[in-house]
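A quick write-up on the structure given underneath.
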2 protein chains.
Amino acid sequence: MTDASPRSGDLCGHAIGVFDSGVGGLTVLRALRARLPGESFVYLGDTARLPYGTKSRETVVRYSLQCAAQLVARDIKALVVACNTASGVALEALRERFAPLPVIGVLEPGARAAVAATRNGSIAVIATEGTVQGGAYQRAIAQLRFEVRIVARACPLFVALAEEGWTEGPIVESIARRYLDELFAPGPGRPDTLVLGCTHFPVLRDAIASVLGGTVTIVDSASTTADVVHDLLQANGLTNPVFATPRLSLLATDGASRFARVGGVFSGAPLTADDVEVVDL
Amino acid sequence: MTDASPRSGDLCGHAIGVFDSGVGGLTVLRALRARLPGESFVYLGDTARLPYGTKSRETVVRYSLQCAAQLVARDIKALVVACNTASGVALEALRERFAPLPVIGVLEPGARAAVAATRNGSIAVIATEGTVQGGAYQRAIAQLRFEVRIVARACPLFVALAEEGWTEGPIVESIARRYLDELFAPGPGRPDTLVLGCTHFPVLRDAIASVLGGTVTIVDSASTTADVVHDLLQANGLTNPVFATPRLSLLATDGASRFARVGGVFSGAPLTADDVEVVDL
């Protein structure tokens, strides 16, 4: 953008900060890098304190502010909250504390994509316990289209399966069936759209799809979030000139070797512990 | 004991402190209460920061010291570390910091029971990633009998299954088979003893046993730990007079209602959120 303000112009070359409770957010980072190939990223996985999904609202807000502070100290130009749990409870606190930094969560883009996808107005959401109980997806979807029917279920074993790298085969499908059969019981209100409301779940997408059959649209928020970030950078004159060489920094609060090993499942490319810097919040 | 020292005599009525990263240690508390019906207990689950199994040694030591300090402030007369991960890395630090408080871990009693149980000198250990990689069980067993053969495997999905309350049926057995088939491959070195090296695993004991068949002895450390604590109280004149009314306090660092719901699976009795006090470390 040529009409960028001096402040935003100065920031164009800065990285976009991304944080998650662990490695699951690497699915979001992957979508962001694909959509924004000229941008630099710094990703923080709060591996010392994962999972966020079982923790209270207050704890998740506190942890999110600490994660963001670590990234803000690295001069980011925008912040992506690549964690559904944190997106559900911490966005307002983050925007207030770090204004005018643009803060984007994964939850609202996922909700928007689901509302766009459904034809019969019935949407299912699967997520962690914290996300489901907090009701953030339910609220975000209802805000976009209030007459929609929403059913939600926590699927904690999907997180463990994804981290174990067991992403296909009969065990995954049995568990998926147990979780999903009730949500997708035959009948007039059967959902035609499923939101993968946890960043871990996209790696199980094929197994979930095979259990559901072809009549259900599966929405994951990673690519929708990448679109939102793209548009926001453009609108604020923050897009990096495409001739720049993008940088990628990976930070974790604990366990670089585990981060690299498990993170490889989610980022779609092998990682080594040398790629990961351990930081203390 | 009538020959107790004045100091230990003063302490007889005090509670025994027990901590774990979460609710799994309630299996140990259950065994302790059965073995020591006259004793009071205060149990702390560090639910805000679970799991410990994926965290680094330094982090687990730091968290363990904080948990113990919370219990020591409540005038405990002995401390049970009901978490295999913490027992593997933090016992020395705890004993040093809180001397002369007796500190008992679950790992050494489990190792001792396994060595006593094996007939062919081949033992398998299943645990969390942190416990297996730290090698604490392997060392504890080797210290008791150095020529023993030990195979170990992390089984993180067992933790998720136990917390979900899915403790029996084909899904559990399929996962158990996938984890255990390799460890128990037929041959002369096939283990005849399995240590459940994570406090979550006793609730899956029947499913594990049905996959292994009747030729493998399953050892869980809870009851052995209760025996060790019993003997230690006696030896130090710390046993509570049996006419005392035992008290039970349950503390968690986060999520009282989740603690109660999931904890009911492990404690063998229903709990409500009102039973649980949330504390900040």
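Chain letters run A, B, ... following the sequence lines, proteins first and then strands; every chain starts at 1.
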Any idea which of B:Gly255, B:Ser56, B:Ser174 has the most non-hydrogen atom pairs under 4.5 angstrom with chain A?
B:Ser56

Okay, A:Gln133 and chain B: the region with an atom under 4.5 Å from a heavy atom over there is side chain

If you measure from CD1 on B:Ile171 to CD on A:Glu173, what distance do you get to the nearest 0.5 Å?
11.5 Å

Region of B:Thr47 that comes under 4.5 Å of a non-hydrogen atom in chain A:
backbone

Could you tell me which portion of B:Pro170 (side chain, backbone, both or neither) has an atom closer than 4.5 angstrom to a non-hydrogen atom of chain A?
neither

According to side chain to side chain contact (heavy atoms under 4.5 Å, CB included), who are the partners of B:Thr85, at least two apart in sequence or on a separate chain?
B:Tyr52, B:Val60, B:Cys83, B:Thr128, B:Thr131

Residues of residues 271-281 of chain B with a heavy atom under 4.5 Å from any heavy atom of chain A, in residue-number order, are none

Non-hydrogen atoms of chain B under 4.5 Å away: do they reach the side chain of A:Thr59, the backbone, both or neither?
side chain

Just how far is it from atom CG of A:Leu157 to atom CG of B:Leu161, taken to the nearest 0.5 Å?
5.0 Å

When heavy-atom pairs shorter than 4.5 Å are enumerated against chain B, which of A:Glu164, A:Glu129, A:Arg178, A:Arg258 gives the highest number?
A:Arg178

When you look at CZ of B:Arg97, are more than 12 heavy atoms from neighbouring residues, nucleotides or ligands closer to it than 6.0 Å?
no

